[in-house]
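It should be emphasised that the depicted structure is a prediction, and the values quoted were computed from it without experimental measurement. So you know, we letter chains A, B, ... as the sequences are listed, proteins then strands, and number each from 1.
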Amino acid sequence: MKGGSERDVVNESTDELLHHMHKDADNVAHPINNIEDKWRLLPSFLQLKGLVRQHVDSFNHFVEIDIHNIVKANSKIVSDVNPRVYLEYTSIRVGEPVIQNGPFDDHDVTPMECRLRNTTYAAPMHVNVRLSLSGEVRNYNDILIGRLPIMLRSKKCRLFKANDEQMAKMGECPLDPGGYFIIGGTEKVILMQEQLSKNRIIVERDRHGEMSASVTSSSAERKTKTIINMKRGNFMLKVNMLAEDVPLVVVLKAMGMTSDQEILQFIGADEQSMELFGPSLQQCAELEVFTQDQALRYLGTKVRIPRREYGPSRRTKEDEARSILASVVLSHIEVRNFDMRPKCIYLCVMARRMIAAIRNKSGGDDRDYYGNKRLELAGSLMALLFEDSFKTLNGRIKRELDHTFVRVTARAFDPAQIIRANPITQAINYAISSGNWNLKRFRMERAGVTSVLSRLSFIAALGMMTRITSQFEKTRKVSGPRSLQPSQWGMLCPSDTPEGETCGLVKNLALMSYVTVDVDEAPLIRLAYNLGVEGLNLVNGEEFSHEDTYVVFVNGTMLGVTRSPHHLVRAVRLLRRAGRINEFVSAYISASTRTVHIASDAGRVCRPYIIVEHGQPLVTPQQLRDLALGILHFDDFIRLGVVEYLDVNELNDSLIALYEKDMCEETTHLEIEPFTVLGACAGLIPYPHHNQSPRNTYQCAMGKQAMGVIAYNYQRRIDTLLYALMYPQRPLVKTKTIELIDFEKLPAGQVSCEARVCASGPRWYRRSRRIPQGQSKPPSHTTTTSGVRFCTYATRVPGVCVRFATMRHRFTVAAAIHHVHLHPVSALSHQDVLVNKEVPAGTVMEGNKRRTVYTPAPVKFKGAEGCDAYCDQVAVTSSSENYMIIKIRVRSTRIPELGDKFSSRHGQKGVCGLIVNQEDMPFNDQGVCPDMIMNPHGFPSRMTVGKLMELVGGKAAVLSGNFNYGTAFGGTPLEEMCETLVDHGYNYHGKEFLTSGITGEPLEAYIFFGPVYYQKLKHMVMDKMHARATGPITLLTRQPTEGRSRQGGLRLGEMERDCLIGHGTSMLLLERLMVSSDAFEVTACSKCGLLGYAGWCQYCKSSANVCKLELPYACKLLFQELQSMNIVPRLTLQHYSEQ
Amino acid sequence: MASFNRDPQVRIMSLTDSEIKLQLSNADTALANSFRRSMIAEVPTLAIDDVHIEINTTVLHDEFIAHRLGLIPLTSERAAHFNYMRDCTCDAGCPNCVVKLELHVACRDAHQMEVTTEHLRSTLDGPDTSVVPVATAAERRDQSIQGNHIVICKIRQGQELKLTCYARKGVGKEHAKWIPTAAVAYEYDPDNALRHTFYEHPEMWPRSEYSQLTDDDKHEADYDPDGTADTFYMTVESTGAMPPEKICQSALESLFTKLVDLDNALEVLNA
């Protein structure tokens, strides 16, 4: 009986399964595609690439490809003296990261060791060279050429593909994103640099309001700028090497396009073009330039001849002009045998674009359009730096070669002696640690390229890795580059930008965007020709300017023309989807300029989309199920050709549906998830789409100041400043982004029950954003928002190693530490000595012996008095230069107090205004009291509706035991959460009936009450509190010092001074500005008006008319400084009662 | 004034180990709220106040652990017999004002180990071994109750924690760790007949458990303009430090002492 029933169950279940299978089959048969789970592509994407993938990929590209190309391009150094003497690099290798212990001892190193020992995480680069000494060729292998800082988590890094256990063994946090360098123990990020793309035509109005077209050419050898502008209706060409603007037609003729008809045909033979270009041809004729020779002669007169160091082989002016045309004008276009036809056509296209812009009365191209931007990443910046220092090194080697072989007696020549590792190492280390990228060779002077990785919170570090800075001047007050461009949609986070001077110039990548690396363009060019592109030399002007003809560009270089652009673009895209060409190649048609652009260059921002054909997405539910099961990965979706990357330019050539319901026949792509338009920082905000937009921006800035857990290994880190939260919690209302970026594993905040009470007492009037906070809570589940502040005092002591002490400091005897004062647990108070260090001050003779005299230079604890601090850790180690390093980590626990700053995740910050006893706190009918009370007047003006929704969502989450989602453009619907409240016996709106703890009577209004996620910000009263009665003064002016750290005075500023003047309180003014500051008694002579000394006027040589008066010391100083500049300030003295 | 002539009545509606529900009638708001406030802030209990850490190789730092220890509820029925440290005749703590508790745990094997209140042992030299963490006391009472210990911290192989704690007597006013109650609920006028609060939509509010309305369609009692609050429903939840009824008694005692003090002071003033 029993068995039978079981079998029945089995039968039933198999039937059910079969039924389901049939249903699935039906689904496949009917292409009605419901792919709700398409968001699953996102975690898979992030797993594959991580948030810092662009940095790592770029660096890998440099180490694997660029570095070899650079060495190959500069491989041979030939002596000027004897061409048979040369040195040739045959290969270069980048090794594993090692640390130098002394000059000859290398050992493997982990990033953590570098952080603790203040050393650089770098790997040696070795080269193989071939040296030819007039016929005799010898190979030398493995010569150290420099030490390359290694990006964390790149292929050369020890953390590459390390699993969690290995990471833990190396003392590393598995959630740390990597993508930064460690130079001298500090973590440095090379920020992404935004620039206008190279080798592209930009048409715009110049300063004079005239149309102009410019191209910044950049090739491996040169960087030049070519501009065509209008001058009195004539097209002129402007190049750096020509002293003045020259007529475009003359240039074209000099390049070999001598026929006016041909020029006109290439520019456009329609009436309007002729009308606009006619005067230019006329001008050329007036200059009597008709042939190429005449043109070259004309240009020869305009050449700015550079001073040559030596040169009997001086070229004629014509040759000079010719070489400028070949190598400076549009230098990115290759010229073979002085065949400059491609350049001519390019110039004509530039002129054509200008004419079109004039005709449309448009302003030309938009500089801020994001398709015109390229992001320069760590890899390419490092490549520039390496190339520069490598060339410098080669120059030195060449001099050495010349020097050695110019003499008859050739010394033994050992390349290992000449190739020194230091120059390259130092150049790279200096650039990364200072952020100054000064490369003379490329006329590049940039500051602030790198910055220290902020470790205030995990989000701060993550946010830094997605940061983009622009080279645009901060001081200029133009709104264009700062404002949000529609073309940035999906690529850059619309919320995450700082306030103030860099607003809009510093941007952040959105969650799914990726920055491309270089892809070889040679196969693409071959492909384009195979797809029917006709070469430039095969078309005449008539054909070229035909309205069906589209010009094809590959990475800004003109390739040829095609008559079927749509066919070409479609073919490129299909090949890309089929995996035949790189997935990051983009192709698009610009109908207005009749061009097709194929791009494979580095630095384009792109993001993945689901491909849609005939109104149906190609991704199937089955594939998504396989994705969820882990059978398929994001890569496979690219490989299957159902998902592809679009860059900004191609994005604007596509019709993209945001949701499935928006798809139509013409739709080409489908968005994977709308919330990915936001970045990592903005992704923390629940319901951001219900907030006023600036509030989200404020939260993006504040999330970076929130205390939390910065990494799993924070106990091991000895950073100068490190904050940690004692009880970090996951937010109850989370977002998909929060899950994806591991914020739940490294949270920065606490859930705190909040009540919105307008509790106005006279004390709380002054500021609206104050949070009275419940100090007392039931002990069983106390959540104090206590934080811990770790502060490190470090000192370096040279000369632990005797050898080094004698080598480096021959004349200074090494300083001695008498003893390290602490063991980790000691309680510290103000001015306690941490390290009792002494430094040598000089020597004294003692009989016949010299003895070194030491003066104490103790490292002292600088915490405030009454601050509860302990010594947490002491690290004694040595740097790679064998300096002894002593680091002392001091810990102080910060219990929330009056004036500490808190904020919710909605840009609603405030300081704690009152700490209330438990019995005074309002409570509800269950006896539950809030942790925090917020004044509801904070809402109407700030309009953070998302916070109200978070409260309801949090309350529903607590009651039901499930987390709620507040994901942007989605999340748990409000109705659903409110229903949950009602189901658990609460008010639908999340309001509650509270009783005052003070009076015992109910509060008259119902109170909005529930949990909200709060962040404790790093600004704490303990670190800011400061007052002084009297204290130190500055030496020069004798005025009080400035700043809390120097026990400074509190400044009575200009505006305060204005107030006192306005009030007419002259004595108070005098007291504040002089008596309490730098009053100084001087003797002045009433006859000559000069300052005297001790009752004597040196100028009059008498003491007859001398009197005493009180001046600010700064005033006396000013007089004396003026006197030293030959200006005599004279005082006119009068007794105040004699007026 | 009227309430002085009344005779306040307390009716206990339910009583468990951790919770008491009582009805206070013939009282007024002032009395009821004072009672509630004294339960939170004035009932003396014992809590760890001083921690001497000898070895701490755990991941949590000293202050963190000290704070956690302070918040552990200790059985405080006998708190009344202790002296406040400041009032005691001794100099640096004696058995009359301090209870010493010790903890020494080390993890030797490769598993995670939880350091809980179970490891917190009162030393035998004290007069009183009855002051122990609440879960330990519960275990002593009833062997079947186990595993309710509060986790102090978690340790792995090679980590060790050794410390001595000194528990002292105090009141909730001083620090939250001396509060014997978890939640104290208090309600009067469950059907809002007095209109001390204003419901815009009374039907949207859940009905109180003490509601006397019988009609399902009615959500609010009719306005009673002459009514005063005289019946209070209270629910007191204990942390375990004291049985809830003891908390009430102790609160009344402290309230009484205060009133006597006030009375004496007034007499002195009038004399």
Side-chain angles (χ1 to χ4, degrees), chain A residues 712 714-715 724 726-727 774-782 784 786 788 790 824-825 827 868-870 872-873 891-895 917-921 923-929 978 981-982 984-989 991-1007, chain B residues 29-34 36-42 47 53 56 59-64 67-68 70-73 150 172-173 175-179 181-190 192 194 196-201 204-209 229 232-237 239-241:
Chain A
Y712 284 173
Y714 85 94
Q715 294 279 22
M726 291 226 299
Y727 293 94
Q775 171 202 38
S776 333
K777 274 146 284 182
S780 57
H781 60 265
T782 297
T784 45
S786 290
V788 194
F790 296 99
V825 185
D868 199 21
Y870 296 88
D872 187 61
Q873 270 182 38
R891 147 171 53 91
S892 69
T893 305
R894 301 296 171 81
I895 299 163
N917 281 339
Q918 176 70 48
E919 66 272 19
D920 291 337
M921 286 302 267
F923 56 95
N924 72 359
D925 48 5
Q926 294 163 325
V928 175
C929 74
C978 290
L981 293 186
V982 174
H984 289 85
Y986 280 80
N987 174 262
Y988 182 85
H989 289 127
K991 289 164 185 169
E992 277 184 47
F993 166 88
L994 292 195
T995 308
S996 162
I998 301 169
T999 64
E1001 284 179 351
L1003 301 181
E1004 211 167 299
Y1006 30 73
I1007 308 299
Chain B
T29 324
L31 178 70
N33 195 34
S34 311
R36 185 191 68 84
R37 289 166 62 90
S38 353
M39 280 193 285
I40 298 170
E42 312 267 8
I53 296 176
N56 175 15
V59 288
L60 305 184
H61 54 264
D62 301 354
E63 296 97 307
F64 201 148
H67 176 245
R68 289 186 69 84
L71 295 174
I72 294 168
I150 298 169
K173 233 179 200 164
H175 192 279
K177 66 187 172 191
W178 280 297
I179 296 176
T181 57
V184 185
Y186 151 115
E187 198 179 353
Y188 65 92
D189 190 19
N192 198 25
L194 306 177
H196 281 181
T197 190
F198 169 68
Y199 290 143
E200 207 168 352
H201 302 288
M204 287 178 62
W205 291 84
R207 189 172 282 187
S208 164
E209 62 178 302
F232 298 84
Y233 305 93
M234 297 176 113
T235 309
V236 181
E237 191 189 338
T239 58

- Message: What's the separation between atom CZ in B:Arg37 and atom CD1 in A:Ile998, rounded to the nearest 0.5 Å?
- Response: 7.0 Å
- Which atom pair, heavy atoms only, marks the closest approach of B:Ala185 to A:Gly927? CB-N, 3.5 Å
- Item | Greatest number of heavy atom pairs closer than 4.5 Å to chain A - which of B:Met234, B:Glu209, B:Arg68 | B:Arg68
- Message: With heavy-atom distances below 4.5 Å as the criterion, would you say the side chains of A:Tyr870 and B:Glu63 are in contact?
- Response: yes
- Interchain contact, B:Tyr233 with chain A, by part (heavy-atom threshold 4.5 Å): neither
- Please report the closest heavy-atom contact between A:Thr999 and B:Asn33, naming both atoms and the distance. C-ND2, 3.3 Å
- Contact part of A:Phe993 toward chain B, heavy-atom cut-off under 4.5 Å: side chain, backbone, both or neither? both
- Message: Testing the basics here: between A:Phe923 and B:Val184, what is the closest heavy-atom pair and its distance to 0.1 Å?
- Response: CD1-O, 3.8 Å
- Identify the two heavy atoms, one from A:Pro1002 and one from B:Tyr188, that lie closest to each other, and give their separation to 0.1 Å. CD-OH, 2.8 Å
- Task: Please flag which part of A:Gln926 lies under 4.5 Å from any non-hydrogen atom of chain B: side chain, backbone, both or neither.
- Result: backbone
- Task: Working to the nearest 0.5 Å, report the span between CD1 of B:Ile179 and CD of A:Gln918.
- Result: 4.5 Å
- Item | Heavy-atom proximity to chain A below 4.5 Å, by part of B:Arg36 | side chain
- Under 4.5 Å between any side-chain heavy atoms of B:His61 and A:Thr893, yes or no? yes
- Query: With a 4.5 Å heavy-atom cut-off, do B:His67 and A:Tyr727 have their side chains touching?
  - Reply: yes
- Under 3.5 Å, is there a donor-acceptor pair between the side chain of A:Gln715 and the main chain of B:Val59? yes
